[in-house]
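Heads up, the thing below is written out as structure tokens.
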Amino acid sequence: MKKAAVMLYPLFSMQEISCTTELFKFCDKEIVTFSAGGEPVRSEDGFTVLPDRPFEAFCREEVDCLLLPGIWEPLPVLLDGRNIRFLEQFRGDGALVVAAISSAPLLLGRAGLLEGRRFTSGVFEEFLDAFPVMPREGLQRTFLVEDGNLITAHGEAFREFAVAAARRVGLDGWDGVFSGMAGRTFTEEDFIFHIPPEELEEARADWDRCAAAAGERGEAYADHL
């Protein structure tokens, strides 16, 4: 299975792509993060993330999709030429799934990846008027748009965005995931969880390794097990 690349930049929205990345994790799809210069990046909610690689270390052959989260303050990111030059290499690449949510399509627009495409976004109209980097004729007023290898979504459609991205890279059967729990009926049995029997031996081996690595406290814990 090929990897998923995530493009990071200052004040990116972790929440908008967390369902997507969690779903990839469920399916054992490896995620590699990139930023300009490989520099640490602070998310909009205050987490500092150390990306795996700089843009220069991107290897197209090892990934099948690129995720772009939304941005709390998009203009500084939009005006950083390093971000745009990184994206320009994907013009005409119809095999790479490019999934951008909320304000991230602004970057695609400036890099020329939206020409002749249908897309949506969550950008203020006044910002679009001041910085017309996206071709308005392709802008669809809806929550999710899929056009070939391109997936774009409004920020509030993060669940639908995750399912669409997963399906596009061959991870099917997740349509109902992250659908919420309010309004549904449950029994107590629904909240009793067991490790699948075929995975229990491996889980216990992992516990033993963790306990041994933790020293005396770990040994006491291992004895308790």
Side-chain angles (χ1 to χ4, degrees), residues 1-9 12-36 38 40-41 43 47 49-70 83 86-102 104-105 107-108 111 113-114 117 119 143-153 155 157-179 193-207 209-210:
M1 184 186 302
K2 290 195 173 185
K3 301 174 184 178
V6 180
M7 182 179 178
L8 300 179
Y9 21 72
F12 75 95
S13 175
M14 187 181 301
Q15 179 268 335
E16 289 174 347
I17 62 166
S18 61
C19 284
T20 309
T21 54
E22 187 71 9
L23 187 49
F24 285 175
K25 178 65 176 177
F26 286 163
C27 300
D28 294 323
K29 188 175 185 65
E30 186 175 346
I31 298 166
V32 186
T33 54
F34 296 83
S35 74
V41 181
S43 71
F47 289 89
V49 178
L50 180 61
D52 297 307
R53 305 177 191 174
F55 290 154
E56 293 77 13
F58 181 86
C59 179
R60 172 65 184 87
E61 290 72 24
E62 71 177 10
V63 305
D64 59 6
C65 68
L66 174 65
L67 301 180
L68 285 79
N83 295 318
F86 172 69
L87 290 170
E88 286 175 339
Q89 67 182 298
F90 306 120
R91 288 179 183 173
D93 188 342
L96 179 70
V97 175
V98 178
I101 189 168
S102 188
L107 299 175
L108 300 182
L113 274 67
L114 297 181
R117 310 298 295 272
F119 62 91
F143 64 92
L144 178 78
V145 175
E146 297 184 58
D147 185 354
N149 64 315
L150 178 66
I151 303 170
T152 52
F158 53 89
R159 299 180 187 87
E160 294 81 1
F161 180 76
V163 172
R167 185 187 305 117
R168 195 54 62 89
V169 297
L171 306 176
D172 296 317
W174 296 97
D175 289 35
V177 73
F178 306 126
S179 58
F193 311 105
H194 294 283
I195 295 174
E198 66 275 13
E199 298 178 11
L200 186 55
E201 182 176 352
E202 181 179 355
R204 289 190 179 277
D206 285 339
W207 298 340
R209 282 193 293 272
C210 289

Let's go through Ser13 and Phe158 carefully: what are the C-alpha distance in whole Å and the side-chain angles of both, what is the deciding distance for side chain to side chain contact (heavy atoms under 4.5 Å, CB included) to 0.1 Å, and is it a yes or a no? CA-CA 11 Å; Ser13 175; Phe158 53 89; over 6 Å; no
Dump the intermediate steps for side chain to side chain contact (heavy atoms under 4.5 Å, CB included) on Met14 and Val49, then the final yes or no. CA-CA 10 Å; Met14 187 181 301; Val49 178; 4.1 Å; yes
Show your reasoning for whether side chain to side chain contact (heavy atoms under 4.5 Å, CB included) applies to Phe12 and Met7. CA-CA 9 Å; Phe12 75 95; Met7 182 179 178; over 6 Å; no
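For Ala5, the side chain to side chain contact (heavy atoms under 4.5 Å, CB included) partners are Phe34, Phe58, Val63, Leu66, not counting sequence neighbours. With sequence neighbours excluded, the residues forming a side chain to side chain donor-acceptor pair (under 3.5 Å) with Asp64 are Lys29, listed by chain and number. Phe193 meets the side chain to side chain contact (heavy atoms under 4.5 Å, CB included) test with Phe191; sequence neighbours excluded. Asp52 pairs by the salt bridge (Lys or Arg N to Asp or Glu O under 4.0 Å) definition with nothing, not counting sequence neighbours. For the side chain to side chain donor-acceptor pair (under 3.5 Å) test, residues two or more places apart in sequence or in another chain that qualify with Arg60 are Asp93. Evaluation of the side chain to side chain donor-acceptor pair (under 3.5 Å) rule for Thr21 yields no partner, not counting sequence neighbours. Listed by chain and residue number, Glu30, Glu62 satisfy the salt bridge (Lys or Arg N to Asp or Glu O under 4.0 Å) test with Lys3 (two or more places apart in sequence, or in another chain). A search for side chain to side chain contact (heavy atoms under 4.5 Å, CB included) contacts involving Ala104 returns Tyr9, Leu68, Ala100, not counting sequence neighbours. Residues passing the salt bridge (Lys or Arg N to Asp or Glu O under 4.0 Å) test with Glu88, sequence neighbours excluded: Arg91. Residues satisfying the side chain to side chain contact (heavy atoms under 4.5 Å, CB included) criterion with Glu56, sequence neighbours excluded, are Pro54. Qualifying side chain to side chain donor-acceptor pair (under 3.5 Å) partners for Arg159, counting only residues two or more places apart in sequence or in other chains: none.
In this structure the side chain of Leu200 never reaches within 4.5 angstrom of the side chain of His194, judged on heavy atoms. Side-chain atoms of Cys65 and Phe24, non-hydrogen and from C-beta on, do get closer than 4.5 Å to each other. Residues Leu67 and Glu16 fail the side-chain proximity criterion, which asks for heavy atoms closer than 4.5 Å. Side-chain atoms of Leu150 and Leu108, non-hydrogen and from C-beta on, do get closer than 4.5 Å to each other.
With values rounded to the nearest 0.5 angstrom, Thr152 atom OG1 is found 12.0 Å from Leu113 atom CG. Rounded to the nearest 0.5 Å, atoms CD1 (Ile195) and CZ (Arg204) are 7.5 Å apart. Ile151 contributes atom CD1, which lies 10.5 Å from atom CD1 of Ile101 (distance to the nearest 0.5 angstrom). How far OG of Ser18 is from NZ of Lys25: 15.0 Å, rounded to the nearest 0.5 Å. Atom CZ of Phe178 and atom CG of Leu23 lie 5.5 Å apart (nearest 0.5 Å). One finds the CZ atom of Phe161 at 8.5 Å from the CG atom of Leu144 (value rounded to the nearest 0.5 Å).
Residues Gly38 and Leu50 share a closest heavy-atom pair of O-CD1, 4.3 Å. Residues Pro51 and Thr33 share a closest heavy-atom pair of CA-OG1, 3.3 Å. Closest approach of Gly94 to Asn149, counting heavy atoms only: O-CB, 3.4 Å.
Summarising the local packing, NZ of Lys2 is surrounded by more than 12 heavy atoms from other residues, nucleotides or ligands at distances under 6.0 Å. Within a 6.0 Å sphere centred on CD of Glu201, other residues, nucleotides and ligands contribute 12 heavy atoms or fewer.
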